[in-house]
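Okay, so here's the structure we're looking at.
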Protein chains: 2
Amino acid sequence: MSLSHAILTALIDENLTGYELAKQFDVSLGFFWQASHQQIYRELKQLHEQGFVAVEEVPQLAKPDKRVYSLTAAGQKMLEVWILAPTRSRHSKDELFIKLYNVGLVPVASIVAAIGQRQAEHQRKLALYRKIESRSYADPAQLSDRKKGIYLSLLAGIRQEEMGLGWCSDARKLLASVTT
Amino acid sequence: MSLSHAILTALIDENLTGYELAKQFDVSLGFFWQASHQQIYRELKQLHEQGFVAVEEVPQLAKPDKRVYSLTAAGQKMLEVWILAPTRSRHSKDELFIKLYNVGLVPVASIVAAIGQRQAEHQRKLALYRKIESRSYADPAQLSDRKKGIYLSLLAGIRQEEMGLGWCSDARKLLASVTT
DNA sequence: CGGTACATGTAATCTGTTACATGATTCA
DNA sequence: TGAATCATGTAACAGATTACATGTACCG
């Protein structure tokens with residue numbers, strides 16, 4: 001599976017605790033891969049047993065102790081091997097389309113409403129991505145190699161949301177002609 | 001969850017066996033929701049226990065007996081209620097982006113290769129969707145209400161693949177400037 | 001006083017994937 | 001003869017979600 005690979009990837013630049021990793025999966029990496037803290041703690045335990053990450057226990061005053069994880073040579077090796085292997089394609093599962101198959105069964109208004117929600121979500125995400133873009137990736141050609149890769153992920157997000165907005169607009173237009 | 005809703009949706013127009021449903025999830029519905037026959041049989045069993053579908057056993061000569069499922073009034077009701085409820089947003093999980101975060105760690109060529117595979121996949125799907133479009137949805141405004149909804153799902157697929165191709169092309173351009 | 005941030009986990013349940021199992025018929 | 005289609009399932013495992021559990025500190 002690849003949550004493990006996402007975790008190892010996050011550990012390349014910095015050593016992180018499970019807690020911090022969970023936050024990373026809420027932003028940045030999280031734009032295209034999400035995971036809850038429960039999943040992350042479980043996965044870290046396994047990665048540690050397999051020797052792909054090392055842990056350092058850091059006692060703290062007045063706060064729970066930390067477990068700071070870092071990438072080992074074996075971990076980096078396994079990540080490299082995985083990158084060379086074929087990429088599984090994303091399997092999209094989108095409830096909205098199941099709803100669309102039911103135009104005619106329920107009042108269109110309810111389906112239009114669902115599209116409206118989706119539209120708002122696209123707008124929110126697009127605004128966020130654009131903000132990140134202008135803040136850190138204004139001149140793509142000048143970025144470091146690593147940043148170029150990250151920028152391309154962001155670009156995919158931007159295109160994705162733009163496409164979604166275009167589709168929402170088409171959908172609203174066509175559904176306007178439905179009378180149920 | 002919504003595999004159940006996808007199944008009920010498929011049963012609106014026709015009564016189907018688990019086997020036939022599994023095939024539907026390979027095409028049509030399957031463009032945005034996939035499920036294996038094992039999942040479908042398990043789900044049908046539960047839907048039956050809950051009274052959302054009815055079964056008719058059809059003995060056959062020289063072939064295994066069939067179990068033909070149909071939507072019950074309770075099933076339709078529950079589908080309607082679900083449609084009115086808020087739609088969960090799709091959680092995209094795409095390994096390709098994890099690989100992109102690792103530009104710099106491995107030779108770029110390997111990442112470019114992964115993008116090449118993705119590009120081919122987009123092309124294949126786009127060609128298929130376009131074929132279906134020209135065959136059955138050439139004049140969207142003239143479609144029945146129900147077909148309009150289905151067409152919009154197809155349109156989302158088309159836009160998705162077009163967007164993906166555009167992104168692949170951008171990605172290749174930018175990665176051409178990476179030398180590792 | 002209440003909420004948020006810090007920090008880690010367990011347990012139960014639900015989904016999804018992979019492998020195994022059966023057995024006739026049709027087509028190349 | 002071997003592969004594909006029809007038709008149903010079980011079992012084991014992997015992955016994801018939801019709920020529960022604990023406890024301090026800081027900010028308003």
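The stretch residues 58-82 of chain A participates, sequence neighbours left out, in these ring-ring contact (aromatic ring centres under 6.0 Å, His included) pairs: A/His5-A/Trp82.
Among residues two or more places apart in sequence or in another chain, the side-chain hydrogen bond (donor to acceptor under 3.5 Å, both in side chains) test is passed with A/Glu162 by A/Arg130. Considering only residues two or more places apart in sequence or on other chains, A/Asp139 meets the salt bridge (Lys or Arg N to Asp or Glu O under 4.0 Å) condition with none of them. With sequence neighbours left out, B/Glu57 forms a salt bridge (Lys or Arg N to Asp or Glu O under 4.0 Å) with B/Arg67.
The overall bend of the helix from C/dC1-D/dG28 to C/dA28-D/dT1, read as the angle between its terminal helix axes built from five base pairs each, is 40° when rounded to 10 degrees.
Within a 6.0 Å sphere centred on NZ of A/Lys125, heavy atoms belonging to other residues, nucleotides or ligands number more than 12.
In this entry the distance linking CD1 of B/Ile40 with C1' of D/dT10 reads 16 Å, nearest Å. Rounded to whole Å, atom P of C/dC6 lies 12 Å from atom CG of A/Asp26. Taking atom CG on B/Leu44 and atom P on D/dT10, their separation rounds to 12 Å, with Å as the unit.
Aromatic pair A/Phe31/A/Tyr129: centroids less than 6.0 angstrom apart.
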Inset, instruction - Determine, for nucleotides 7-16 of chain C in 5'-to-3' order, which nucleotides have protein heavy atoms under 4.0 Å from the base (write B), from only the sugar-phosphate (write S), or from neither (write -). - result: BBBB----SB

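A side-chain donor from one of B/Glu80 and B/Gln76 sits under 3.5 Å from a side-chain acceptor of the other.
Not one side-chain nitrogen or oxygen of B/Lys23 sits closer than 4.0 Å to the OP1 or OP2 atom of D/dT5.
With B/Lys93 contributing its side chain and A/Gln34 its backbone, the two residues share a donor-acceptor pair below 3.5 Å.
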